[in-house]
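To start, the structure itself, in structure tokens.
Remember, it's a predicted structure, so these values are computed and weren't measured experimentally.
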Amino acid sequence: MSLNPQYVAGHGLLKGRSVLITAAAGAGIGFSAARRCAEEGCRALMISDIHPRRLEEAVARLKEETGLAEIYGQLCNVTNEEEVQALVAAAEHQLGGVDVLINNAGLGGQKRVVDMTDDEWNRVLDITLTGTFRMTRAMLPHMQARGRGTIVNNASVLGWRAQKEQAHYAAAKAGVMALTRCAALEAAEYGVRINAVSPSIALHDFLKKASSEELLAQLASREAFGRAAEVWEVANVMVFLASDYASYMTGEVLSVSSQHA
């Protein structure tokens with residue numbers, strides 16, 4: 001079974017908002033989230049990435065495809081505290097304050113626990129979990145001082161469910177979920193909301209390169225719709241959480257999944 005999704009036109013859900021998204025160059029969830037935010041009426045947008053050429057191309061493509069003029073790019077490696085602080089400072093300055101932060105940076109891989117090195121474990125945790133923490137820590141003082149703002153983190157159903165050769169990634173994403181819940185309680189008194197999405201499988205170029213066709217087919221077969229999600233289907237939920245339609249939601253992790261179990 002395969003139900004073909006329909007791309008939904010923007011409805012101004014983020015009208016007048018400014019948005020910062022990490023790891024948003026390329027063809028993954030981050031780029032799709034950036035495009036959706038522009039289509040939903042954000043007034044200004046900044047995306048970051050670690051690849052200069054890809055970042056430049058992404059900014060140009062977003063401007064061309066969405067018509068939004070105020071789109072900026074900033075190099076940032078979320079494992080580097082100085083670069084994280086520089087990204088937040090640049091976004092605060094160029095966007096006139098950040099209303100929405102989408103923490104999308106993450107790293108996966110396949111390796112059995114008995115074969116995994118400390119470096120492999122630490123790299124996934126540092127980018128995926130600690131990177132999300134660094135960005136949240138850097139952004140919260142600005143949002144809290146203004147008494148408003150939303151943060152949306154990118155988690156995974158593997159934070160709840162087990163899969164072979166994914167111990168490092170699953171541990172990192174479970175950590176993102178816990179960070180989301182705890183930070184949300186601290187930020188709530190300042191009028192700042194923090195939530196997360198938890199996708200099952202969303203196909204994009206990097207995932208295709210990092211995983212075998214057999215594994216991807218197997219994962220897709222577990223979905224009720226018999227297919228992987230489109231990246232923009234995940235981005236849609238990110239936009240919802242960033243919008244006023246989710247005004248009473250904080251500390252929540254929404255599953256973007258059609259899995260049977």
Side-chain angles (χ1 to χ4, degrees), residues 20-26 28-33 48-51 76-81 83-84 87 101-140 151-187 194-211 215-216 219 228-229 231 234-235 237-238 241 251-257 259:
L20 170 61
I21 306 176
T22 62
I29 292 172
F31 180 84
S32 186
S48 76
D49 208 272
I50 61 173
H51 302 285
C76 179
N77 183 336
V78 296
T79 68
N80 185 304
E81 177 65 15
E83 292 188 23
V84 165
L87 171 62
L101 166 64
I102 296 180
N103 282 315
N104 176 66
L107 179 70
Q110 293 175 257
K111 187 64 72 75
R112 287 181 174 270
V113 170
V114 295
D115 299 320
M116 193 180 299
T117 67
D118 282 5
D119 286 344
E120 288 170 328
W121 171 272
N122 290 334
R123 179 166 169 74
V124 171
L125 269 288
D126 196 17
I127 294 173
T128 307
L129 174 56
T130 311
T132 299
F133 160 72
R134 290 188 187 98
M135 286 298 304
T136 301
R137 179 177 61 185
M139 182 56 68
L140 273 178
I151 297 176
V152 181
N153 297 326
N154 193 357
S156 167
V157 293
L158 290 185
W160 290 311
R161 300 165 179 155
Q163 184 176 314
K164 292 179 180 179
E165 301 183 349
Q166 292 293 317
H168 47 357
Y169 184 72
K173 291 300 190 179
V176 170
M177 293 179 178
L179 171 63
T180 298
R181 291 189 290 266
C182 294
L185 291 180
E186 298 175 10
I194 305 176
N195 293 290
V197 296
S198 177
S200 51
I201 177 174
L203 277 185
H204 51 82
D205 291 344
F206 182 78
L207 183 61
K208 292 176 182 178
K209 292 178 181 178
S211 305
L215 175 60
L216 294 178
L219 294 175
V231 287
V234 179
V237 183
M238 288 177 161
L241 289 173
E252 294 294 332
V253 181
L254 287 190
S255 175
V256 187
S257 168
Q259 288 196 14

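- Legend: salt bridge (charged side-chain N to carboxylate O under 4.0 Å, His left out) pairs involving residues 167-186, not counting sequence neighbours: none detected.
- Minimum interatomic distance between M177 and G159 (heavy atoms only, all atoms of both residues): CE-CA, 3.8 Å.
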Point to revise | Step-by-step side chain to side chain contact (heavy atoms under 4.5 Å, CB included) determination, L20 to M139 | key: CA-CA 10 Å; L20 170 61; M139 182 56 68; 3.8 Å; yes
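- Residues forming a side chain to side chain contact (heavy atoms under 4.5 Å, CB included) with A170 (at least two apart in sequence, or on another chain): L158.
- Taking the side chain to side chain donor-acceptor pair (under 3.5 Å) definition, one finds that D49 meets it with R54, sequence neighbours left out.
- Counting only heavy atoms from C-beta outward, the side chains of L101 and V152 never approach each other to under 4.5 Å.
- In this structure, the side chains of R137 and V84 stay at 4.5 Å or more apart for every pair of heavy atoms.
- Under the 3.5 Å distance criterion, the side-chain polar atoms of Q110 are left unmatched by any main-chain donor or acceptor of Q166.
- Listed by chain and residue number, I21, I102, A235, M238 satisfy the side chain to side chain contact (heavy atoms under 4.5 Å, CB included) test with A33 (two or more places apart in sequence, or in another chain).
- The two residues C76 and I50 come nearest to each other via the heavy atoms O-CG2, 3.2 Å.
- Side chains of V78 and S48 form no contact here, defined as non-hydrogen atoms less than 4.5 Å apart.
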Side-chain donor-acceptor distances from residues 120-129 under 3.5 Å, at least two apart:
| unit_1 | atom_1 | unit_2 | atom_2 | d |
| --- | --- | --- | --- | --- |
| E120 | OE1 | K111 | NZ | 3.1 |
| E120 | OE1 | T117 | N | 2.9 |
| E120 | OE1 | T117 | OG1 | 3.3 |
| E120 | OE2 | K111 | NZ | 2.6 |
| N122 | ND2 | D118 | O | 3.1 |
| D126 | OD1 | R134 | NH1 | 3.0 |
| D126 | OD1 | R134 | NH2 | 2.8 |
| T128 | OG1 | L107 | N | 2.9 |
| T128 | OG1 | L107 | O | 3.2 |
| T128 | OG1 | V124 | O | 3.0 |

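- Partners of N153 by side chain to side chain donor-acceptor pair (under 3.5 Å), not counting sequence neighbours, listed by chain and number: N103, T180.
- The distance from atom CD1 of I194 to atom OG1 of T132, rounded to the nearest 0.5 Å, is 11.5 Å.
- For the pair N195 (side chain) and V253 (backbone), a donor-acceptor distance under 3.5 Å is absent.
- Of all heavy-atom pairs spanning N104 and A23, the tightest one is ND2-O, 2.8 Å.
- Shown here are the side chain to side chain donor-acceptor pair (under 3.5 Å) partners of T79, two or more places apart in sequence or in another chain: N77.
- In this structure, CH2 on W160 lies 8.5 Å from OG on S257, to the nearest 0.5 angstrom.
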What's the verdict on side chain to side chain contact (heavy atoms under 4.5 Å, CB included) for V157 and S255, showing C-alpha distance, side-chain angles and the deciding distance?
CA-CA 7 Å; V157 293; S255 175; 4.0 Å; yes
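- For the pair S156 and Q163, the minimum side-chain heavy-atom distance is 4.5 Å or more.
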